[in-house]
Amino acid sequence: MTLETAGFRTGADIFQQETLEMYGMVNKALKDMITIRFGEDVWEEVKQAAGVDIDMFLSNESYPDDVTYQLVGAASAALGKPAPELLEAFGVHWVLNTAREGYGDLMDAGGKTLDEFLINLPNFHTRVTLIFPYLQPPRFTCTDITKDQLRLHYYSSRAGLAPFVVGLLKGLGEMFATPVQIRHVAAKGDGADHDEFLVAWNQRPPA
Ligand code: HEM
């Protein structure tokens with residue numbers, strides 16, 4: 001999939017994203033990641049290039065998806081890094097910083113081990129909806145569950161976010177100190193009905 005087809009461009013007419021909105025906590029987290037990793041100056045440059053004139057994103061306010069896509073597109077251009085690479089890094093940041101630091105109780109309720117958390121993932125955003133009632137979350141299902149692997153199905157009305165999911169899974173692996181292997185085996189961007197990932201974790205030593 002090209003950056004264009006995923007919607008990461010700076011034009012104003014990203015048709016398929018028109019009706020979707022995201023809570024400001026996403027853009028706020030993106031700002032944090034860019035500022036921490038690349039510095040305040042880079043963030044200012046990204047914001048300007050994206051034509052985003054917002055200094056402070058409010059976590060509980062909704063912003064058009066377009067804002068997030070434009071910021072990612074501008075960051076990709078400013079840093080000379082492909083958007084999927086930035087999205088993957090953002091997924092790791094989201095779990096280890098945004099979610100764990102800001103929503104520790106929610107993350108704790110998701111499970112005590114990586115496999116438990118993944119099996120509970122289909123219900124995760126239901127609890128998030130209690131805090132953010134207008135959430136337009138992705139949908140996950142798990143199939144082919146064995147003791148050390150499962151197939152994660154990811155459904156979204158948004159385009160181009162599979163690398164974000166890969167980063168989230170890597171972040172979860174780190175959070176649970178469990179080595180995780182991820183294979184993206186079906187891609188919506190390549191015409192599949194939805195994205196599928198084979199996620200394998202190392203067996204824990206017997207108790
Ligand atoms: C406490 C932790 C979490 C919170 C508060 C949270 C909240 C959110 C919010 C606010 C959005 C933007 C959508 C909107 O505003 O309508 C979002 C999107 C998303 N979340 Fe979560 N989330 C959390 C954890 C997770 C985890 C653990 C995963 C998966 C491993 C995940 C997967 C995603 C994905 C893939 C999207 C992109 C939207 C899409 O694909 O359509 N989230 N989440």
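Start at 1 and go down the list; that is how both ligands and their atoms are numbered. The basis for the numbers below is simple: all heavy atoms, side chains too, and nothing from hydrogens, waters or symmetry mates.
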**Asked** What are the two closest heavy atoms between Pro122 and Phe140, and how far apart are they?
**Response** CB-O, 3.2 Å
**Asked** Is there a donor-acceptor pair under 3.5 Å between the side chain of Trp201 and the backbone N or O of Lys147?
**Response** yes
For ligand 1, output the ligand-protein N/O contacts shorter than 3.5 angstrom; if there are none, return none.
| from | atom 1 | to | atom 2 | distance (Å) |
| --- | --- | --- | --- | --- |
| ligand 1 | 15 (O) | Tyr23 | N | 2.8 |
| ligand 1 | 16 (O) | Gln136 | N | 2.7 |
| ligand 1 | 20 (N) | His125 | NE2 | 3.0 |
| ligand 1 | 22 (N) | His125 | NE2 | 3.2 |
| ligand 1 | 40 (O) | Tyr154 | OH | 2.5 |
| ligand 1 | 40 (O) | Ser156 | OG | 2.9 |
| ligand 1 | 41 (O) | Ser156 | OG | 2.6 |
| ligand 1 | 41 (O) | Arg158 | NH1 | 2.8 |
| ligand 1 | 42 (N) | His125 | NE2 | 3.0 |
| ligand 1 | 43 (N) | His125 | NE2 | 3.2 |

**Item:** Side-chain H-bond candidate by donor/acceptor type, Asn120 with Glu116, under 3.5 Å
**Value:** no
**Prompt:** Which heavy-atom pair separates Cys142 from Ile145 by the least distance, and what is that distance?
**Reply:** CB-CD1, 4.0 Å
**Message:** For Lys28, give me all partners under side-chain hydrogen bond (donor to acceptor under 3.5 Å, both in side chains), at least two apart in sequence or on another chain.
**Reply:** none
**Request:** Tell me yes or no: between the side chains of Thr146 and Asp148, is some donor less than 3.5 Å from an acceptor?
**Result:** yes
